[in-house]
J.: 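I have a structure here, written as structure tokens, and I will follow up with some questions on it.
Read the numbers this way: they start at 1 and go in the same order the structure lists the ligands and their atoms. In this text the structure is predicted, and so the values were computed from the model without any measurement.
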Amino acid sequence: MNFHIMTLFPDMVKQGLSESIIGRAADKGLLSIDAVNIRDFTLDKHKKVDDYPYGGGAGMLMQAQPVYDAWKSIADKLSQKPRTIYLTPQGQTFTQQMAKDFAKEEDLVLLCGHYEGIDERVLEEIVTDYVSIGDYVLTGGELPAMVMVDAVSRMVPGVLSNDESGATESFEGNLLEYPQYSRPEVWMDKAVPKVLLSGNQKEITAWRKARAVERTKERRYDLYQKYEALQQCREILWKKKLLHMDMIEVIDRGTAELVYADGENICIHDKVSDTYFHTADSMEEGRKMISCVKEQTGGRIGQLVLHQDFMVEPAKEEFDLYLSVACYQAVYTRREKLPVSKLYAGEEPLSIRPLTLAYMDQVLEHYKLVSDPDYIRQVIVSGSLFGAFLEEKLVGFVGWHKEGSMGMLEVFPEYQRRKLGKTLETYIVNLTLERGHTPYGQVVVGNERSMRLQEGMGMCFAKGLVYWMHSKNK
Ligand code: 6GU
């Protein structure tokens with residue numbers, strides 16, 4: 001990720017970002033932070049970059065020419081017009097979600113204003129996003145740019161170590177973090193809560209959850225309301241939990257946003273996979289919901305999962321989507337891990353581990369169901385695809401799709417009939433349980449072999465199907 005910061009105070013941003021986690025990531029080459037001094041591009045012989053505003057008013061404005069030329073010096077080195085963010089109190093308020101989205105770019109240009117602002121004409125020419133860091137006024141865009149670089153960088157793969165990335169999700173699921181304690185056990189007559197010393201992990205988890213909910217209610221009632229609304233939907237979805245496990249999991253993972261809820265008619269959006277999930281109790285109610293969702297999204301939906309066959313036609317009409325697959329949903333409803341006996345027992349030792357991008361080509365060659373290489377790349381980068389190795393040779397894989405379902409199971413033809421499929425499936429079920437999630441998968445209608453495998457593992461099938469709808473122009 002390359003940041004190009006356009007500013008009148010390059011030392012300020014360079015210094016502020018040269019230490020700790022961001023500084024280390026830059027040293028490692030995961031990030032580059034380049035500060036471009038706008039003043040270097042003025043054609044004025046006194047190095048002036050500002051002037052009075054036409055029409056009068058307080059203060060000075062940054063002129064268009066030096067800003068444009070500074071930007072051009074950056075853009076000319078890149079293969080496409082870069083995403084260019086102007087830091088201004090008139091922008092959209094910066095969020096964690098925006099940090100994640102920006103982290104997907106290869107290059108980001110950040111434009112820091114000073115004085116009373118910048119000549120509008122150059123903004124129209126170069127700016128793609130207007131961003132503020134909150135409702136208060138600062139003297140310049142340098143601190144906001146540093147805030148953004150920090151928040152975006154920690155979303156770039158590899159910048160945070162595994163230890164550090166756990167804290168990343170603190171805003172997800174609309175809950176604040178629970179309180180934490182370290183040594184000593186008693187400080188200023190205050191003891192560490194007893195349950196944390198008990199060693200009972202189940203009780204500790206429940207205690208932390210309760211404190212997180214309590215604290216969110218006290219300190220951020222706005223977030224608490226969102227949390228509560230999703231929990232109420234979860235209760236309704238739970239009445240048909242096999243059919244709705246995909247939606248329940250998205251809520252439990254904390255990546256769901258509520259789009260619509262009216263009784264048993266619910267629509268949620270998964271922020272990670274950018275998928276809409278929809279369930280309805282009648283075609284009439286389902287249609288009502290669809291037009292509401294359409295209004296909220298401007299009809300721009302890439303992926304929609306329906307849970308009733310009668311909604312397929314209305315969704316086609318309203319959203320210009322087509323039905324790409326219908327699947328049975330299989331859920332592993334027990335909490336105990338699967339036994340690891342009666343699995344692969346060949347001569348060569350088997351190792352299962354997360355795949356790296358080095359295996360991308362082999363994966364694409366063997367996995368036919370998703371043809372989009374970028375999807376596979378993202379699944380691999382997020383550590384969600386696991387390979388089976390015999391003597392360091394890749395012989396199969398399994399993983400989690402972006403929305404949390406298990407899948408992508410393949411055993412290469414020459415290695416089939418050795419229980420490797422069952423071994424991989426057992427591995428992913430047990431790993432899902434370890435992470436505190438419910439293992440579930442979706443089997444495309446007609447895939448008898450996969451149905452038998454899932455049944456053999458003790459998974460339960462929902463009676464109804466789930467329908468994946470995709471946009472025609474994607
Ligand atoms: Cl991005 N710039 C300035 N000058 N003030 C701000 C801001 C940005 N965000 C909040 N206040």
Side-chain angles (χ1 to χ4, degrees), residues 1-18 20-22 31-42 48-68 70-71 74-75 81-105 107-156 170-171 176 219-220 222-223:
M1 171 101 214
N2 307 304
F3 295 98
H4 310 268
I5 306 174
M6 300 170 58
T7 168
L8 290 173
F9 305 97
D11 293 337
M12 180 176 172
V13 287
K14 273 194 292 207
Q15 289 224 359
L17 296 166
S18 64
S20 184
I21 296 177
I22 306 303
L31 312 168
S32 77
I33 301 166
D34 168 32
V36 176
N37 191 343
I38 297 171
R39 201 177 295 279
D40 290 346
F41 292 84
T42 178
K48 198 167 74 83
V49 291
D50 59 337
D51 209 333
Y52 296 98
Y54 281 110
M60 303 285 269
L61 282 187
M62 248 200 255
Q63 291 168 286
Q65 174 272 319
V67 172
Y68 186 74
W71 180 81
I74 298 164
K81 196 174 167 181
R83 193 104 181 242
T84 301
I85 302 157
Y86 177 37
L87 287 311
T88 167
Q90 273 80 51
Q92 247 194 64
T93 309
F94 190 50
T95 60
Q96 190 62 40
Q97 187 57 44
M98 283 157 81
K100 283 187 197 169
D101 291 340
F102 286 134
K104 293 176 192 150
E105 303 285 336
D107 289 273
L108 274 186
V109 178
L110 304 177
L111 170 59
C112 308
H114 235 88
Y115 313 115
E116 286 305 306
I118 301 182
D119 190 305
E120 189 70 18
R121 292 167 296 183
V122 67
L123 300 178
E124 286 172 8
E125 205 58 42
I126 67 173
V127 173
T128 56
D129 302 84
Y130 293 82
V131 175
S132 161
I133 62 162
D135 288 339
Y136 41 82
V137 181
L138 301 169
T139 55
E142 283 73 18
L143 284 168
M146 288 157 71
V147 166
M148 272 193 73
V149 170
D150 188 292
V152 172
S153 296
R154 59 193 293 295
M155 291 296 113
V156 171
S170 79
F171 254 98
L176 302 179
R219 299 187 188 175
R220 287 291 304 275
D222 57 325
L223 288 183

J.: For Tyr86 and Tyr130, take the angle between the two ring planes, folded into 0 to 90°, and tell me which bin it lands in: parallel under 30, tilted 30 to 60, perpendicular over 60.
T.: perpendicular

J.: Do you know which two heavy atoms are closest between Glu125 and Tyr68, and how far apart they sit?
T.: CG-CE1, 3.8 Å

J.: Enumerate, one pair per line, all nitrogen or oxygen atoms of ligand 1 lying under 3.5 Å from a protein nitrogen or oxygen, stating the separation to 0.1 Å; write 'none' if no such pair exists.
T.:
unit_1   : atom_1 : unit_2 : atom_2 : d
ligand 1 : 4 (N)  : Leu138 : O      : 3.2
ligand 1 : 5 (N)  : Leu138 : N      : 3.1
ligand 1 : 9 (N)  : Ser132 : OG     : 3.3
ligand 1 : 9 (N)  : Ile133 : N      : 3.0
ligand 1 : 11 (N) : Tyr136 : O      : 2.5

J.: For residues 7-15, tabulate all N or O donor-acceptor pairs below 3.5 Å that involve a side-chain atom, not counting sequence neighbours.
T.:
unit_1 : atom_1 : unit_2 : atom_2 : d
Thr7   : OG1    : Phe9   : N      : 2.7
Thr7   : OG1    : Glu142 : OE2    : 2.6

J.: Minimum heavy-atom separation for Met98 to Phe94, with atom names?
T.: SD-CA, 3.8 Å

J.: Grab the two heavy atoms, one from Cys112 and one from Ile38, that are nearest each other, plus how far apart they are.
T.: O-CD1, 4.4 Å

J.: Assess whether a salt bridge exists between Arg83 and Asp107, defined as any Lys/Arg side-chain N lying under 4.0 Å from an Asp/Glu carboxylate O.
T.: no

